[in-house]
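Structure first, then comments.
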Number of protein chains: 2
Amino acid sequence: MTHLAAEQSTTIQCPHDFQISCGNCRLSKICLPLALETQDVTYLNDIIQRGKPLQKGDHLYRDKDAFSAVYAVRSGCIKTYRITDDGREQVTGFYFPGEVLGMDGISENTHASSAKALETSAVCEIPFERLGELATRLPSLQSHFLQLMSREITEDQQLITLISKNSAEERVAALMLSISSRNARRKLSPSNFRLPMSRIDIGNYLGLTVETVSRVFSRLQKLGVLEVANKEIQINDHEQLRDLASI
Amino acid sequence: MTHLAAEQSTTIQCPHDFQISCGNCRLSKICLPLALETQDVTYLNDIIQRGKPLQKGDHLYRDKDAFSAVYAVRSGCIKTYRITDDGREQVTGFYFPGEVLGMDGISENTHASSAKALETSAVCEIPFERLGELATRLPSLQSHFLQLMSREITEDQQLITLISKNSAEERVAALMLSISSRNARRKLSPSNFRLPMSRIDIGNYLGLTVETVSRVFSRLQKLGVLEVANKEIQINDHEQLRDLASI
DNA sequence: AGAATACCTTGATACAAATCAAGCGAAGGT
DNA sequence: ACCTTCGCTTGATTTGTATCAAGGTATTCT
């Protein structure tokens, strides 16, 4: 939760880069109003702490940790998850650069889930208290933050629907399309990407076992919809994939 | 969305009653800070519109409707749901008196789900714009509203976990326990209540078919955990029900 | 009151995904 | 370089829930 030393800020520049590299992404909803209304970007540096570097497997926060900040992903990928009473893991989300996580801690002042880096990642810490102070002065910041939370709600509800109404094939196809479109938003290839998460994580997110996920990938490959080489995914036919996802 | 005529305010008094009858419930999180900080309850009347009466089957809002307010349930029960691409219904929540719904509309300015009364109900309309204005002046109101949204997120994530990791029996048991504890919060019997929703709704909420829900109720009754007479539920053994829900 | 309709229950069967099992390849540690 | 571990794939079998089917009960409407 501490400010990182100055010499690290050269490699992880935050938050300036966001506005340049992610002008159209989720995070811009927080950064942009600040920049626009104050006409002073240094203001941003004041509220958003410099990037926290995380190694693969590091926890950003754990279930029951005190809540003090939300986090914007700068690079890499973070998964959030809960552990059920019988010890199994439920992945509740994958967060890519430009996306914000940690809002689950607001209601009880402790986090209701854990967040773990799936690969070497950097996040920006946005101290909640200062965000609150600032929001009272900048109504647009407040409304953008509410939008962020509301989006989290609708996305969770989409996942509920996906899990309870769709087949294994539809679920996997939908996730691939989701990652694809999030890549597109980041100006990356929507057809060619590396999955940062394991098959187990995918299964735990979609309510499936590893074996089923693996079989679905094989089936989709046999159909020619996509090619999969371990973690490398190449989508050959977006149209057909959308049909299979029935979205 | 309009203020109701004055003569109706005698039967549906709002929001005074909330603070008396639901001092410990969710809604208090919105009402109380207002009352405490202003020392003037009429202030509340200014922001919270008088109750909207709804008949069974009436819609409070529909998917894609313009978003202008959130709603606090005053009496009755409201379900929220989405329609999937193939026409099936996914119930995303049941809202009892003292609970707030409609936050899904904030991100896109249109509702992402529909809300329908399961029985004769009354709700309070809380115009979002005025809530926002007021929140900039009352930081505690703002933080309470954020808490409300955060709780919605954690509850949705609990449902995700329930659906993807638990058996039919566990899901139904968990729902019964949830309704039971929400009744307790309203000072109603936690052991004896009437279900406002149909078996179909329960199934659509828990990701099960009607038949499975019905079979589970029969099984639980055979075990002596609860007694079910159509919509009347009597929980005989909370302990055992918790075990069955594995919560 | 009686008919029509919606809702609920129970049984038989089918099926998709879980589980059990085994082998393979890549990565990490000594 | 070898061994161990972890992650991924594929096959055989089991199982929980969906589906199909039919009858019963409550509710609504005329």
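Residue numbers start from 1 in every chain, and the chains themselves are labelled A, B, ... in the order their sequence lines are given, proteins ahead of strands.
At whole-Å resolution of the value, CD in Glu232(B) and C1' in dA26(D) are 13 Å apart. Distance, Lys222(B) NZ to dT9(C) C1': 11 Å, rounded to whole Å. The distance between atom CG of Leu220(B) and atom C1' of dT10(C), rounded to the nearest whole Å, is 16 Å. Look at CE on Met197(A): it is 11 Å from P on dC8(D), rounded to the nearest Å. Per the geometry, CG belonging to Leu118(B) stands 17 Å off P belonging to dA6(C), to the nearest Å. What separates CD1 of Ile233(B) from P of dC8(C) is a distance of 11 Å, to the nearest Å. With rounding to whole Å, Asn204(A) atom CG is found 12 Å from dC8(D) atom P. Nucleotide dC7(C) holds its C1' atom 11 Å from the CG atom of Asp201(B), rounded to whole Å.
Residue Lys231(B) has a polar side-chain atom (N or O) positioned under 4.0 Å from OP1 or OP2 of dC8(C). Note on Ser218(A): a side-chain N or O is less than 4.0 Å away from OP1 or OP2 of dT10(D).
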Item checked: Reading 5' to 3' through nucleotides 15-28 of chain C, protein heavy-atom contacts under 4.0 Å coded B for base, S for sugar-phosphate only, - for none -> --SSBB--------
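Side chains of Ser191(B) and Gln234(B): a donor-acceptor N/O pair is absent below 3.5 angstrom, by distance only. With hydrogens and angles left out, the side-chain atoms of Asn236(B) and Glu227(B) include a donor and acceptor closer than 3.5 Å. Counted by atom type alone, His59(B) and Ser114(B) present zero donor-acceptor pairs between their side chains at under 3.5 Å. Donor-acceptor pairing under 3.5 Å is lacking for the side chains of Ser113(A) and Thr80(A).
Taking the screw axis at each terminus of the helix from dA1(C)-dT30(D) to dT30(C)-dA1(D) from five consecutive base pairs, the angle between the two is 50° to within rounding of 10 degrees.
Using a 4.5 Å heavy-atom cutoff, the side chains of Phe217(B) and Thr212(B) are not in contact. Using a 4.5 Å cut-off on side-chain heavy atoms (C-beta onward), Glu99(A) and Arg182(A) make contact.
The stretch residues 196-206 of chain A participates, sequence neighbours left out, in these salt bridge (charged side-chain N to carboxylate O under 4.0 Å, His left out) pairs: Lys79(A)-Asp201(A). Note on residues 164-173 of chain B: pairs passing salt bridge (charged side-chain N to carboxylate O under 4.0 Å, His left out), not counting sequence neighbours, are Glu169(B)-Arg219(B).
Within residues 156-165 of chain A, no residue has any heavy atom closer than 4.0 Å to DNA chain D.
Annotation: ring pair (Phe, Tyr, Trp, His ring centres under 6.0 Å) contacts of Phe96(B) (sequence neighbours excluded): none.
Phe94(A) and Tyr205(A) have tilted rings, their planes meeting at an angle from 30° to 60° on a 0 to 90° scale.
Between Glu232(A) and Arg194(A) there is a salt bridge, since a side-chain N of the basic residue sits under 4.0 Å from a carboxylate O of the acidic one.
Using a 4.0 Å heavy-atom criterion, one finds that Ser214(B) contacts the bases of the nucleic acid, with or without backbone contacts as well.
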